[in-house]
Amino acid sequence: MLDHLNTTNLLGLPLRDWLGALLISVVGYFILLGIWAIFMRRLDALSKRTTTKIDDMACQVLEDTSKLTFVVFALLIGLYFLDLPQKWQTRLDHLLFIFIGIQFASWLTKAVTLWANIRRVETEGAFRNVIVTSMLSWIFKFIIWCVVLLTVLANVGVNITAFVTSLGVGGVAVALALQSILGDVFASLAIGLDEPFVIGDAVAFGNNISGTVEHVGLKTTRIRSTDGEQIICGNSDMLKNVIHNYKRMPERRVLFAFGVSYATPHDAVAKIPQIARKAIESSDKTRFDRAHFKEFGASALNFEVVYYVVNSDFNLYMDIQQAINLYLMRELQALHVDFAFPAMTLNLASDTAPSELLSKQAPDLKGKAMPIPEEDRPAVRK
């Protein structure tokens with residue numbers, strides 16, 4: 001039996017050496033598991049004593065390590081104890097580097113995913129755009145795996161300069177073919193970073209398009225209009241317009257005007273601005289600015305009133321304006337003041353009654369010669 005183990009060989013090595021490498025791999029596997037378990041217990045205890053999230057994320061990332069990782073590491077450790085040919089030794093080095101690179105990339109990808117999930121939980125219910133978090137997560141993962149791929153290729157002897165050049169040329173071609181789509185994608189990133197609006201904001205832009213933002217995607221933004229339909233706009237098209245964000249108004253400035261009849265007495269006209277002020281100050285959601293008898297209009301004495309609603313809600317503004325209008329109607333009726341309406345008065349220059357003017361007939365000049373004034377007669381040559 002011993003002679004058989006010494007004589008049977010694989011890659012020029014006796015079977016006894018391979019069995020020894022396997023034994024070392026098994027022992028190494030359990031040693032690695034023990035060391036890893038001790039390290040994770042220490043790290044978990046440390047994370048519970050601190051308030052930072054970094055060590056908590058580190059625990060979650062490392063706990064996600066598969067046992068297959070330890071199996072591969074243990075096998076590679078056992079193979080390194082064999083006196084393999086140089087060619088196979090080089091291949092083992094490459095294999096070990098590839099596996100380490102993939103493992104580190106997996107850990108970093110897991111960390112990015114955890115960071116993105118934490119960001120989404122923090123913004124949940126706050127009507128914030130999560131598009132930046134999603135895009136940055138994809139970008140980070142793409143960069144991580146690109147770096148790992150290029151590093152592995154460089155380690156195994158591939159000329160990555162030509163490879164990167166080819167990727168650059170191909171990337172330019174793809175970018176030109178997908179120009180409009182990429183424009184919307186980068187516009188969504190700009191919306192997420194600059195935040196001209198977030199989900200839940202009431203906005204207006206373009207040709208009388210207005211509504212509440214429901215969703216900001218990679219290519220489009222969805223808006224629920226005031227009439228109920230959903231409006232879908234390209235992100236780049238939205239950023240080309242001037243956007244009015246009504247949700248971010250700290251308060252709403254209101255200007256309204258009304259007119260009263262010219263028959264209103266002077267004393268009543270002087271009281272009207274104070275009545276308008278009391279109408280506004282009757283609400284605790286308003287701040288009075290001014291009320292004036294502005295001008296003598298074509299058919300009314302015009303007043304102009306300005307006040308502020310200390311809230312941007314449109315329905316609240318309409319309720320307050322309605323209450324002010326009713327207050328003005330009640331108080332002006334109590335003063336016997338009438339609201340004006342368009343009217344026109346005709347004043348005739350003649351004292352003759354219109355019936356007398358209509359009764360007069362123009363003289364009948366038919367068949368009669370009209371005398372020509374002397375100064376208009378043509379000169380007669382003598």
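Only heavy atoms go into these numbers, but all of them, side chains included; no hydrogens, no water, no symmetry mates.
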When you look at CZ of F104, are more than 12 heavy atoms from neighbouring residues, nucleotides or ligands closer to it than 6.0 Å?
->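 Atom CZ in F104 is not crowded, with 12 or fewer foreign heavy atoms closer than 6.0 Å.
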CE/M329: more than 12 non-hydrogen atoms of other groups inside 6.0 Å =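 No - once you tally the heavy atoms of other residues, nucleotides and ligands closer than 6.0 Å, there are 12 at most.
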Taking C-beta and beyond as the side chain, do [X] and [Y] meet within less than 4.5 Å on heavy atoms?
{"X": "F197", "Y": "M238", "value": "yes"}
{"X": "L255", "Y": "V305", "value": "no"}
{"X": "F73", "Y": "F99", "value": "yes"}
{"X": "E304", "Y": "H292", "value": "no"}
{"X": "D338", "Y": "T264", "value": "no"}
{"X": "Y327", "Y": "I280", "value": "no"}
{"X": "V310", "Y": "T286", "value": "no"}
{"X": "F205", "Y": "V242", "value": "no"}

So, the side chain of [X] versus the backbone of [Y]: is there a donor-acceptor pair under 3.5 Å, distance only?
{"X": "S283", "Y": "I320", "result": "no"}
{"X": "R224", "Y": "G228", "result": "yes"}
{"X": "T221", "Y": "V216", "result": "no"}
{"X": "N302", "Y": "A257", "result": "no"}
{"X": "Y262", "Y": "G297", "result": "yes"}
{"X": "T151", "Y": "V147", "result": "yes"}
{"X": "N245", "Y": "P196", "result": "yes"}
{"X": "D237", "Y": "C233", "result": "no"}
{"X": "D227", "Y": "E229", "result": "no"}
{"X": "D201", "Y": "V203", "result": "no"}

Taking every non-hydrogen atom, the tightest pair across [X] and [Y]:
{"X": "I102", "Y": "V148", "answer": "N-CG1, 4.3 Å"}
{"X": "A187", "Y": "S236", "answer": "CB-N, 3.6 Å"}
{"X": "A300", "Y": "G259", "answer": "CB-CA, 4.1 Å"}
{"X": "V213", "Y": "V198", "answer": "CB-O, 3.7 Å"}
{"X": "A340", "Y": "S299", "answer": "CB-O, 3.6 Å"}
{"X": "A74", "Y": "L32", "answer": "N-CD1, 4.2 Å"}

Shared hydrophobic cluster, [X] / [Y] (ILVMFWY, side-chain heavy atoms < 4.5 Å):
{"X": "V61", "Y": "L108", "result": "yes"}
{"X": "L76", "Y": "L23", "result": "no"}
{"X": "Y308", "Y": "F303", "result": "no"}
{"X": "V306", "Y": "V309", "result": "no"}
{"X": "V26", "Y": "L68", "result": "yes"}

Reference residue I209; test side chain to side chain contact (heavy atoms under 4.5 Å, CB included); the match among N241, I231, I243 =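 Option passing the side chain to side chain contact (heavy atoms under 4.5 Å, CB included) with I209: I231.
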Separation between [atom1] of [X] and [atom2] of [Y], rounded to the nearest 0.5 Å:
{"X": "Y307", "Y": "R290", "atom1": "OH", "atom2": "CZ", "result": "13.5 Å"}
{"X": "Y246", "Y": "S312", "atom1": "OH", "atom2": "OG", "result": "12.0 Å"}
{"X": "E214", "Y": "I223", "atom1": "CD", "atom2": "CD1", "result": "9.5 Å"}
{"X": "R330", "Y": "L335", "atom1": "CZ", "atom2": "CG", "result": "12.0 Å"}
{"X": "D313", "Y": "M249", "atom1": "CG", "atom2": "CE", "result": "9.5 Å"}
{"X": "I143", "Y": "F140", "atom1": "CD1", "atom2": "CZ", "result": "7.0 Å"}

side-chain contact (heavy atoms from CB on, under 4.5 Å) between S25 and I77: does it pass, once the steps are laid out?
-> CA-CA 6 Å; S25 298; I77 291 172; 5.9 Å; no
Contacts of I35 that satisfy side-chain contact (heavy atoms from CB on, under 4.5 Å) - sequence neighbours left out |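 In terms of side-chain contact (heavy atoms from CB on, under 4.5 Å), with neighbours along the sequence ignored, I35 is linked to I31.
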Using 30° and 60° as the class limits, which term best fits the ring planes of F258 and F256: parallel, tilted or perpendicular?
->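 If you compare the ring of F258 with that of F256, the planes turn out parallel.
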Just say parallel, tilted or perpendicular for the rings of F296 and F293, cut-offs at 30° and 60°.
->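 F296 vs F293 ring planes: perpendicular.
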Less than 4.0 Å between a side-chain N and a carboxylate O, is that true for R287 and E251?
->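 Salt bridge flag = yes for R287 with E251.
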Any residue meeting salt bridge (charged side-chain N to carboxylate O under 4.0 Å, His left out) with D44, in chain and number order, not counting sequence neighbours |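 Once residues adjacent in sequence are excluded, the partners of D44 under the salt bridge (charged side-chain N to carboxylate O under 4.0 Å, His left out) criterion are K48.
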Scan side-chain atoms only and decide if T113 and K141 contain a donor-acceptor pair under the 3.5 Å cut-off.
->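 Their side chains do contain a donor-acceptor pair, which is all the 3.5 Å distance test asks for.
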Donor-acceptor pair between W107 and T65 side chains, under 3.5 angstrom |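 There is such a pair between these side chains.
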Between E195 and I191, is a side-chain contact (heavy atoms from CB on, under 4.5 Å) present by the stated rule, with each step listed?
-> CA-CA 5 Å; E195 292 189 346; I191 291 173; over 6 Å; no
